[in-house]
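Inspection log for the structure reproduced underneath, given as C-alpha coordinates.
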Amino acid sequence: RPNSPILFQQLKHQLSDQELMAVGQEVKKLYRWVPFRFVRPFFEMETRGVLDQNVNAAIVHLCNDFFQTEPQRVIYKFIDNEVIELNSIWVDYFQKHQVILRGFIHWHLIRFVQRNNPNVIGLSEKLQKPTHRDLKLANKFWRDFLQAKPHLTCIYSGQVIASENFSLDHFLPWSYVAHDQLWNIIPTPKSVNSTKSDWLPSFELYFEPFAELQFEIVQFYLTQSNPKILDDYHQVFRENLGLLPLDKFKEKLVKVLFPQYQTAQNMGFSYPFIYKK
(Lines give C-alpha, C1' and ligand atoms only; values in the text may rest on other atoms or scores of the structure.)
Protein backbone atom coordinates (compact mmCIF):
# COMPACT_ATOMS: atom_id res chain seq x y z
CA ARG A 1 0.00 0.00 0.00
CA PRO A 2 1.17 3.61 -0.37
CA ASN A 3 3.66 4.76 2.29
CA SER A 4 4.33 1.20 3.51
CA PRO A 5 7.54 0.76 5.54
CA ILE A 6 10.57 -0.36 3.59
CA LEU A 7 10.92 -4.10 3.12
CA PHE A 8 13.74 -4.45 5.67
CA GLN A 9 11.61 -2.83 8.39
CA GLN A 10 8.66 -5.09 7.53
CA LEU A 11 10.89 -8.17 7.76
CA LYS A 12 12.25 -7.07 11.16
CA HIS A 13 8.70 -6.60 12.43
CA GLN A 14 7.28 -9.85 11.02
CA LEU A 15 10.15 -12.31 11.55
CA SER A 16 11.77 -13.72 14.66
CA ASP A 17 15.52 -13.34 15.28
CA GLN A 18 16.03 -16.94 14.17
CA GLU A 19 14.08 -16.36 10.94
CA LEU A 20 16.02 -13.14 10.26
CA MET A 21 19.26 -15.05 10.67
CA ALA A 22 18.04 -17.64 8.15
CA VAL A 23 17.20 -14.85 5.67
CA GLY A 24 20.67 -13.40 6.19
CA GLN A 25 22.25 -16.75 5.38
CA GLU A 26 20.25 -16.95 2.14
CA VAL A 27 21.40 -13.45 1.17
CA LYS A 28 25.01 -14.47 1.81
CA LYS A 29 24.57 -17.34 -0.65
CA LEU A 30 23.75 -14.77 -3.33
CA TYR A 31 26.95 -12.89 -2.55
CA ARG A 32 28.93 -16.00 -3.39
CA TRP A 33 27.97 -15.54 -7.04
CA VAL A 34 26.23 -12.30 -7.98
CA PRO A 35 29.05 -9.70 -7.73
CA PHE A 36 31.38 -11.95 -9.70
CA ARG A 37 29.06 -13.45 -12.32
CA PHE A 38 27.43 -10.10 -12.98
CA VAL A 39 30.61 -8.82 -14.66
CA ARG A 40 31.80 -12.13 -16.12
CA PRO A 41 30.46 -11.31 -19.65
CA PHE A 42 33.04 -8.47 -19.80
CA PHE A 43 35.78 -11.08 -19.46
CA GLU A 44 34.36 -13.87 -21.56
CA MET A 45 37.63 -14.63 -23.36
CA GLU A 46 39.78 -14.48 -20.23
CA THR A 47 37.52 -16.78 -18.18
CA ARG A 48 36.79 -19.32 -20.89
CA GLY A 49 37.90 -22.75 -19.68
CA VAL A 50 38.52 -21.63 -16.10
CA LEU A 51 37.29 -24.22 -13.58
CA ASP A 52 34.05 -23.20 -11.91
CA GLN A 53 35.57 -23.08 -8.44
CA ASN A 54 38.25 -20.67 -9.70
CA VAL A 55 36.03 -18.24 -11.61
CA ASN A 56 35.36 -15.84 -8.73
CA ALA A 57 39.05 -15.40 -7.97
CA ALA A 58 39.83 -14.91 -11.67
CA ILE A 59 37.19 -12.19 -11.99
CA VAL A 60 38.51 -10.36 -8.92
CA HIS A 61 41.99 -10.41 -10.41
CA LEU A 62 40.79 -9.17 -13.84
CA CYS A 63 38.63 -6.39 -12.41
CA ASN A 64 41.40 -5.08 -10.22
CA ASP A 65 44.01 -5.29 -12.99
CA PHE A 66 41.92 -3.49 -15.63
CA PHE A 67 40.18 -0.98 -13.33
CA GLN A 68 42.50 1.86 -14.43
CA THR A 69 43.91 0.61 -17.75
CA GLU A 70 40.64 -0.49 -19.41
CA PRO A 71 37.89 1.27 -17.42
CA GLN A 72 35.26 0.71 -20.14
CA ARG A 73 35.43 -3.02 -19.36
CA VAL A 74 35.38 -2.76 -15.58
CA ILE A 75 32.26 -1.57 -13.74
CA TYR A 76 33.87 -2.01 -10.33
CA LYS A 77 36.87 -3.46 -8.54
CA PHE A 78 36.94 -5.56 -5.39
CA ILE A 79 38.37 -4.41 -2.08
CA ASP A 80 39.21 -7.28 0.27
CA ASN A 81 36.54 -9.37 -1.52
CA GLU A 82 33.92 -7.71 0.70
CA VAL A 83 33.45 -4.27 -0.87
CA ILE A 84 33.22 -3.02 -4.45
CA GLU A 85 34.33 0.40 -5.73
CA LEU A 86 32.48 1.69 -8.78
CA ASN A 87 34.47 3.02 -11.70
CA SER A 88 33.84 6.75 -12.20
CA ILE A 89 33.00 6.44 -15.91
CA TRP A 90 30.37 3.83 -15.09
CA VAL A 91 28.94 6.02 -12.33
CA ASP A 92 28.42 8.73 -14.96
CA TYR A 93 26.80 6.20 -17.30
CA PHE A 94 24.42 4.88 -14.63
CA GLN A 95 23.39 8.39 -13.61
CA LYS A 96 22.78 9.48 -17.19
CA HIS A 97 20.71 6.41 -18.13
CA GLN A 98 19.18 5.49 -14.80
CA VAL A 99 15.56 5.76 -16.03
CA ILE A 100 16.20 3.30 -18.88
CA LEU A 101 18.21 0.95 -16.67
CA ARG A 102 15.61 1.02 -13.88
CA GLY A 103 12.87 0.18 -16.37
CA PHE A 104 14.96 -2.67 -17.80
CA ILE A 105 15.56 -4.09 -14.31
CA HIS A 106 11.90 -3.83 -13.30
CA TRP A 107 10.74 -5.47 -16.53
CA HIS A 108 12.93 -8.52 -15.99
CA LEU A 109 12.13 -8.64 -12.27
CA ILE A 110 8.39 -8.65 -13.02
CA ARG A 111 8.84 -11.43 -15.60
CA PHE A 112 10.80 -13.51 -13.09
CA VAL A 113 8.38 -12.97 -10.21
CA GLN A 114 5.31 -13.52 -12.41
CA ARG A 115 6.74 -16.77 -13.75
CA ASN A 116 7.20 -18.04 -10.19
CA ASN A 117 3.89 -16.63 -8.86
CA PRO A 118 1.37 -17.26 -11.66
CA ASN A 119 -1.69 -16.74 -9.45
CA VAL A 120 -0.73 -13.29 -8.19
CA ILE A 121 -2.32 -10.36 -10.01
CA GLY A 122 -1.12 -6.78 -10.35
CA LEU A 123 2.54 -7.64 -9.86
CA SER A 124 3.86 -4.49 -11.50
CA GLU A 125 1.85 -2.35 -9.09
CA LYS A 126 2.84 -4.51 -6.11
CA LEU A 127 6.56 -4.19 -6.88
CA GLN A 128 6.33 -0.42 -7.23
CA LYS A 129 3.07 0.83 -5.80
CA PRO A 130 2.02 4.42 -6.49
CA THR A 131 2.55 6.82 -3.61
CA HIS A 132 -0.56 8.76 -4.64
CA ARG A 133 -3.86 7.31 -5.78
CA ASP A 134 -6.52 9.01 -7.85
CA LEU A 135 -10.06 7.98 -6.89
CA LYS A 136 -11.74 10.97 -8.55
CA LEU A 137 -13.54 8.81 -11.12
CA ALA A 138 -14.76 6.27 -8.56
CA ASN A 139 -15.82 9.06 -6.21
CA LYS A 140 -17.89 10.80 -8.89
CA PHE A 141 -19.21 7.44 -10.12
CA TRP A 142 -20.77 6.64 -6.75
CA ARG A 143 -21.56 10.19 -5.60
CA ASP A 144 -23.80 10.79 -8.65
CA PHE A 145 -25.50 7.45 -8.00
CA LEU A 146 -26.06 8.29 -4.32
CA GLN A 147 -27.72 11.55 -5.28
CA ALA A 148 -30.21 9.54 -7.34
CA LYS A 149 -30.54 6.86 -4.61
CA PRO A 150 -30.45 8.79 -1.31
CA HIS A 151 -31.64 5.78 0.76
CA LEU A 152 -28.95 3.35 -0.42
CA THR A 153 -27.70 1.14 2.41
CA CYS A 154 -24.29 -0.41 3.11
CA ILE A 155 -24.02 -4.09 2.14
CA TYR A 156 -22.04 -4.82 5.34
CA SER A 157 -23.82 -2.85 8.05
CA GLY A 158 -27.23 -2.01 6.61
CA GLN A 159 -26.62 1.68 7.47
CA VAL A 160 -27.86 4.36 5.10
CA ILE A 161 -24.90 5.78 3.17
CA ALA A 162 -24.89 9.55 3.44
CA SER A 163 -23.31 11.35 0.50
CA GLU A 164 -21.37 13.60 2.88
CA ASN A 165 -19.98 10.70 4.94
CA PHE A 166 -19.13 7.81 2.64
CA SER A 167 -15.86 6.23 1.62
CA LEU A 168 -14.91 3.82 -1.13
CA ASP A 169 -14.37 0.20 -0.17
CA HIS A 170 -12.45 -2.30 -2.31
CA PHE A 171 -14.35 -5.59 -2.01
CA LEU A 172 -11.08 -7.40 -2.75
CA PRO A 173 -8.56 -5.35 -0.74
CA TRP A 174 -6.58 -2.77 -2.68
CA SER A 175 -3.37 -4.09 -1.15
CA TYR A 176 -4.10 -7.33 -3.01
CA VAL A 177 -5.52 -6.15 -6.36
CA ALA A 178 -3.48 -2.91 -6.50
CA HIS A 179 -6.00 -1.20 -8.79
CA ASP A 180 -9.06 1.01 -8.52
CA GLN A 181 -11.31 -0.56 -11.15
CA LEU A 182 -14.95 0.26 -10.57
CA TRP A 183 -16.29 -3.32 -10.55
CA ASN A 184 -14.40 -3.93 -7.26
CA ILE A 185 -15.46 -0.71 -5.49
CA ILE A 186 -18.59 0.08 -3.48
CA PRO A 187 -19.50 2.90 -1.08
CA THR A 188 -19.68 2.36 2.70
CA PRO A 189 -19.88 4.65 5.71
CA LYS A 190 -16.38 5.71 6.69
CA SER A 191 -16.51 3.88 10.01
CA VAL A 192 -17.43 0.59 8.30
CA ASN A 193 -14.67 0.91 5.74
CA SER A 194 -12.17 1.62 8.51
CA THR A 195 -13.31 -1.50 10.37
CA LYS A 196 -13.08 -3.72 7.30
CA SER A 197 -9.59 -2.45 6.44
CA ASP A 198 -7.68 -5.09 4.40
CA TRP A 199 -9.86 -8.03 5.39
CA LEU A 200 -11.54 -10.22 2.80
CA PRO A 201 -15.31 -9.98 3.28
CA SER A 202 -17.34 -13.12 3.89
CA PHE A 203 -18.14 -14.30 0.38
CA GLU A 204 -21.17 -16.25 1.61
CA LEU A 205 -22.71 -13.21 3.32
CA TYR A 206 -21.73 -10.35 1.06
CA PHE A 207 -21.22 -11.47 -2.52
CA GLU A 208 -24.94 -11.47 -3.38
CA PRO A 209 -25.64 -7.91 -2.11
CA PHE A 210 -22.32 -6.75 -3.62
CA ALA A 211 -23.23 -8.16 -7.05
CA GLU A 212 -26.76 -6.76 -6.87
CA LEU A 213 -25.42 -3.29 -6.02
CA GLN A 214 -22.92 -3.47 -8.88
CA PHE A 215 -25.70 -4.56 -11.25
CA GLU A 216 -27.88 -1.67 -10.07
CA ILE A 217 -25.26 0.99 -10.71
CA VAL A 218 -24.40 -0.47 -14.13
CA GLN A 219 -28.08 -0.29 -15.08
CA PHE A 220 -28.19 3.29 -13.81
CA TYR A 221 -25.28 4.40 -16.01
CA LEU A 222 -26.56 2.51 -19.04
CA THR A 223 -29.38 5.06 -19.10
CA GLN A 224 -26.94 7.99 -18.95
CA SER A 225 -25.19 9.62 -21.90
CA ASN A 226 -21.67 8.67 -20.81
CA PRO A 227 -21.02 5.04 -21.88
CA LYS A 228 -17.23 5.31 -21.39
CA ILE A 229 -17.69 5.47 -17.62
CA LEU A 230 -18.46 1.73 -17.73
CA ASP A 231 -15.22 0.82 -19.53
CA ASP A 232 -13.91 -1.11 -16.50
CA TYR A 233 -16.96 -3.37 -16.66
CA HIS A 234 -16.74 -3.85 -20.42
CA GLN A 235 -13.11 -4.99 -20.09
CA VAL A 236 -14.05 -7.60 -17.49
CA PHE A 237 -17.41 -8.85 -18.80
CA ARG A 238 -16.64 -8.53 -22.53
CA GLU A 239 -20.34 -8.61 -23.33
CA ASN A 240 -23.10 -6.12 -23.98
CA LEU A 241 -23.94 -5.04 -20.42
CA GLY A 242 -27.39 -3.94 -21.48
CA LEU A 243 -28.27 -7.51 -22.46
CA LEU A 244 -27.07 -9.15 -19.22
CA PRO A 245 -29.87 -10.03 -16.77
CA LEU A 246 -29.04 -10.06 -13.06
CA ASP A 247 -28.39 -13.81 -12.84
CA LYS A 248 -25.93 -13.74 -15.77
CA PHE A 249 -24.27 -10.62 -14.36
CA LYS A 250 -23.72 -12.41 -11.03
CA GLU A 251 -22.41 -15.47 -12.85
CA LYS A 252 -19.84 -13.38 -14.73
CA LEU A 253 -18.81 -11.42 -11.66
CA VAL A 254 -18.28 -14.50 -9.47
CA LYS A 255 -15.97 -15.97 -12.15
CA VAL A 256 -13.86 -12.81 -11.91
CA LEU A 257 -13.90 -12.41 -8.13
CA PHE A 258 -13.86 -15.85 -6.57
CA PRO A 259 -10.53 -17.18 -7.95
CA GLN A 260 -8.84 -13.95 -6.85
CA TYR A 261 -10.58 -14.22 -3.46
CA GLN A 262 -9.19 -17.74 -2.97
CA THR A 263 -5.70 -16.69 -4.01
CA ALA A 264 -5.78 -13.77 -1.55
CA GLN A 265 -6.75 -16.26 1.19
CA ASN A 266 -3.81 -18.46 0.25
CA MET A 267 -1.52 -15.42 0.46
CA GLY A 268 -2.56 -14.82 4.06
CA PHE A 269 -5.14 -12.02 3.85
CA SER A 270 -7.39 -12.06 6.90
CA TYR A 271 -10.91 -13.43 6.39
CA PRO A 272 -13.79 -13.50 6.70
CA PHE A 273 -14.77 -9.93 7.56
CA ILE A 274 -18.25 -9.92 9.12
CA TYR A 275 -19.54 -6.57 10.31
CA LYS A 276 -20.46 -6.34 13.97
CA LYS A 277 -21.91 -3.24 15.62
Side-chain angles (χ1 to χ4, degrees), residues 1-44 46-64 67 73-87 90-91 93-95 97-131 173-178 198-200 259-260 262-271:
R1 69 183 68 178
N3 304 319
S4 293
I6 62 173
L7 179 59
F8 182 71
Q9 291 175 342
Q10 293 184 57
L11 288 173
K12 286 185 67 177
H13 178 71
Q14 296 287 338
L15 302 181
S16 66
D17 290 343
Q18 186 175 0
E19 289 170 326
L20 282 171
M21 188 177 297
V23 171
Q25 292 301 319
E26 291 300 316
V27 172
K28 284 184 178 179
K29 290 180 184 178
L30 293 177
Y31 178 74
R32 290 178 56 195
W33 306 107
V34 173
F36 311 97
R37 304 309 167 94
F38 179 70
V39 293
R40 185 175 183 176
F42 293 88
F43 306 108
E44 186 176 357
E46 290 87 351
T47 57
R48 183 174 297 173
V50 176
L51 294 177
D52 198 55
Q53 62 267 29
N54 297 328
V55 167
N56 288 5
I59 289 173
V60 170
H61 178 74
L62 290 163
C63 284
N64 292 355
F67 189 77
R73 295 181 64 189
V74 183
I75 298 177
Y76 45 74
K77 68 178 180 180
F78 294 83
I79 302 174
D80 298 328
N81 287 352
E82 294 291 333
V83 178
I84 61 172
E85 178 184 334
L86 289 172
N87 198 309
W90 282 94
V91 171
Y93 176 85
F94 290 145
Q95 289 176 338
H97 302 290
Q98 61 178 300
V99 174
I100 297 172
L101 293 169
R102 193 183 299 274
F104 178 81
I105 291 168
H106 284 166
W107 166 247
H108 284 279
L109 175 61
I110 289 168
R111 291 182 65 191
F112 172 80
V113 176
Q114 185 70 79
R115 185 169 63 248
N116 290 279
N117 298 272
N119 293 323
V120 180
I121 64 170
L123 267 174
S124 59
E125 290 82 2
K126 288 180 171 64
L127 290 173
Q128 189 175 15
K129 291 182 179 179
T131 55
W174 185 88
S175 55
Y176 170 67
V177 296
D198 283 341
W199 281 61
L200 290 162
Q260 298 183 32
Q262 290 179 309
T263 302
Q265 282 187 26
N266 295 337
M267 292 176 63
F269 279 81
S270 300
Y271 75 96

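- Every residue two or more places apart in sequence or in another chain that forms a side-chain contact (heavy atoms from CB on, under 4.5 Å) with Leu101 is listed here: Tyr93, Phe94, His97.
- Contact detail for Glu46 and Arg73: the closest heavy-atom pair is OE2-NH2, 2.9 Å.
- Within a 6.0 Å sphere centred on NE2 of His108, heavy atoms belonging to other residues, nucleotides or ligands number more than 12.
- Applying the ring pair (Phe, Tyr, Trp, His ring centres under 6.0 Å) criterion to Tyr271, with sequence neighbours excluded, gives no partner residue.
- The 12-atom threshold is not exceeded at CH2 of Trp107, counting heavy atoms of other residues, nucleotides or ligands nearer than 6.0 Å.
- Residues meeting the ring pair (Phe, Tyr, Trp, His ring centres under 6.0 Å) test with His61, sequence neighbours left out: none.
- How far CG of Leu200 is from CD of Gln262: 11.0 Å, rounded to the nearest 0.5 Å.
- Counting heavy-atom neighbours within 6.0 Å of Asp17 CG, excluding the residue itself, gives a total of 12 or less.
- Considering only residues two or more places apart in sequence or on other chains, Lys29 meets the side-chain hydrogen bond (donor to acceptor under 3.5 Å, both in side chains) condition with Glu26.
- The environment of Gln53 atom CD is dense: over 12 non-hydrogen atoms of other residues, nucleotides or ligands sit within 6.0 angstrom.
- Looking at heavy atoms from C-beta onward, Arg40 lies in side-chain contact with Arg37 at the 4.5 angstrom threshold.
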Does Phe269 form a side chain to side chain contact (heavy atoms under 4.5 Å, CB included) with Thr263? I'd like the steps, not just the answer. CA-CA 9 Å; Phe269 279 81; Thr263 302; over 6 Å; no
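- For Tyr76, the ring pair (Phe, Tyr, Trp, His ring centres under 6.0 Å) partners two or more places apart in sequence, or in a different chain, are Phe78.
- Asn87 pairs by the side-chain contact (heavy atoms from CB on, under 4.5 Å) definition with Phe67, Pro71, Ile89, Trp90, not counting sequence neighbours.
- Although no hydrogens or angles enter the test, the distance criterion places no donor-acceptor pair under 3.5 Å between the side chain of Thr47 and the main chain of Val50.
- Counting heavy atoms from C-beta outward, Ile75 and Phe42 have side chains that approach closer than 4.5 Å.
- Rounding to the nearest 0.5 Å gives a distance of 10.0 Å between CZ of Phe36 and CD1 of Ile84.
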